[in-house]
S.K.: 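Once you've had a glance at the structure underneath, I'll fire off some questions.
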Amino acid sequence: MRKPMIAGNWKMHLNSAEAAKLAAAIKNGLDPNLKHDVLLAPSFTNLEVVRKETASSPILLSAQNMCWEEKGAFTGEVSGSQLKDAGCDYVIIGHSERRKIFLESDEVLNKKLKAAFKFSLKAIFCIGETLEERENNQTYEILQNQLQKGLKDISAQDVENIVIAYEPVWAIGTGKTATPQQAQESHIFIRKELSKMFGEGEASKIRILYGGSVKAENIDELMSQPDIDGALVGGESLKAEKFLRVIHYQSAVNNEKIQ
Ligand code: 13P
């Protein structure tokens, strides 16, 4: 069965003192019997303080981006080996803000994923359609394209180190969440595509998170969908109390999964 994951993407927020305080509050608020994964993705400059604060806890550490090269003349970039050295377990690859604002192509993202695995990092690979694409009935075509190009030539063994995050771009930071049914439909489609690429057995093991205006108020309903295996949370993960409520969601479906 798939172990759910609740991940907080702090984006370009918080100084080091604020990041340490938030990480400590999340750590101290965790139910010690929690059976699913909790992950925090601070800025590069805050990885170290968050690593220290969460050292004696099950919280996983993730970066938000990385370079596909190991080292060299790549001013301003950070490599997978540096992230591993900084204590990261995961790296987020292909967030829509990276695709849209920093013009990262599917080909570049594919190289980044391969580099992540080379340095024993796991990856949260983000995909999702824009509002215009959804309105033009292109959602599935876009998701298929992002999966096929992003995961090109990735082995079935490496794919076990990938968590997919379905983040419809129109739902990010807008307060407009996809309905649990809309998200579930996309997740089913994604899993079918993964089955075609890696076989049904592998696809059934891959976690698919939903992201886009996830809140304390809507997490229970989202997690009650059978193919929603967790959430990638932006704004709400910056507020300890709210994020702790997201982490401790109530869902018969997903609590059953990890019995
Ligand atoms: P919000 O939860 O703020 O909509 O952001 C979602 C997101 O982009 C997480 O990666």
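Read the numbers this way: they start at 1 and go in the same order the structure lists the ligands and their atoms. Values in this document were obtained by computation on a predicted structure and should not be read as measured data.
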S.K.: Quick one: does E167 get within less than 4.0 Å of ligand 1, heavy atoms only?
M.R.: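 For ligand 1, residue contact (heavy atoms, under 4.0 Å) with E167 is present.
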
S.K.: Does the side chain of Y140 pick up a donor-acceptor pair with the side chain of E133 at under 3.5 Å?
M.R.: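 No pair is found: no donor N or O on one side chain lies under 3.5 Å from an acceptor on the other.
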
S.K.: Calculate, to the nearest 0.5 Å, the distance between atoms CG and CD belonging to N65 and E97 respectively.
M.R.: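 Separation between the atoms: 11.5 Å.
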
S.K.: Are I206 and I93 connected in the hydrophobic side-chain network, where two residues link if heavy atoms are under 4.5 Å apart?
M.R.: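 Yes, I206 connects to I93 through the hydrophobic network.
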
S.K.: What atoms of ligand 1 come closer than 4.0 angstrom to any heavy atom of G235?
M.R.: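 Ligand 1 atoms under the 4.0 Å threshold to G235: 1 (P), 2 (O), 3 (O).
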
S.K.: Is I172 close to ligand 1, meaning an N/O of one under 3.5 Å from an N/O of the other?
M.R.: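 No; the residue has no nitrogen or oxygen that sits under 3.5 Å from a nitrogen or oxygen of the ligand.
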
S.K.: Of the listed options (A231, G234, A165), which comes nearest to atom 6 (C) of ligand 1 when hydrogens are ignored and any heavy atom counts?
M.R.: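 Ranked by closest heavy atom to atom 6 (C) of ligand 1, first place is G234.
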
S.K.: Any N/O of T174 closer than 3.5 Å to an N/O of ligand 1?
M.R.: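 N/O-N/O distance below 3.5 Å does not exist for this pair.
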
S.K.: Has K11 got more than 12 heavy atoms of other residues, nucleotides or ligands less than 6.0 Å from its NZ?
M.R.: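 Check passes, neighbour count above 12.
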
S.K.: L232 heavy atoms, cut-off 4.0 Å: which ligand 1 atoms fall inside?
M.R.: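 The atoms of ligand 1 under 4.0 Å from a heavy atom of L232 are 9 (C), 10 (O).
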
S.K.: Among side-chain atoms of E132 and W170, is any donor-acceptor pair under 3.5 angstrom?
M.R.: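 Judged by distance alone, the side chains do not pair up.
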
S.K.: Assess the side chains of H95 and Q64: does a donor N or O sit below 3.5 Å from an acceptor N or O?
M.R.: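 Looking only at side-chain atoms, Q64 and H95 do not form any donor-acceptor pair under 3.5 Å.
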
S.K.: Is it true that atom CH2 of W68 has more than 12 heavy atoms of other residues, nucleotides or ligands lying nearer than 6.0 Å?
M.R.: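 No.
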
S.K.: Using heavy atoms and a 4.0 Å limit, tell me yes or no: is G212 in contact with ligand 1?
M.R.: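 G212 counts as a contact of ligand 1 under the 4.0 Å cut-off.
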
S.K.: Looking only at distances, please establish whether an N/O atom of ligand 1 is found under 3.5 Å from an N/O atom of E236.
M.R.: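 Between E236 and ligand 1 (N or O atoms, distance only) the closest approach is not under 3.5 Å.
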
S.K.: Show the atoms of ligand 1 that are less than 4.0 angstrom away from any heavy atom in A171.
M.R.: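 Those of ligand 1 that fall under 4.0 Å from A171 are 4 (O).
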
S.K.: Going by the rule salt bridge (Lys or Arg N to Asp or Glu O under 4.0 Å), which residues pair with D89 if we only count those two or more places apart in sequence or in a different chain?
M.R.: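 Salt bridge (Lys or Arg N to Asp or Glu O under 4.0 Å) check on D89 returns nothing, list empty.
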
S.K.: Which atoms of ligand 1 sit under 4.0 Å from any heavy atom of N9?
M.R.: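 With N9 as reference, the close atoms of ligand 1 come out as 9 (C), 10 (O).
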
S.K.: Write out the residue and atom name of the closest protein heavy atom to atom 4 (O) of ligand 1, then the distance separating them to 0.1 Å.
M.R.: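 That would be G173 N, 2.6 Å.
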
S.K.: Using heavy atoms and a 4.0 Å limit, tell me yes or no: is K11 in contact with ligand 1?
M.R.: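 Flag set, K11 near ligand 1.
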
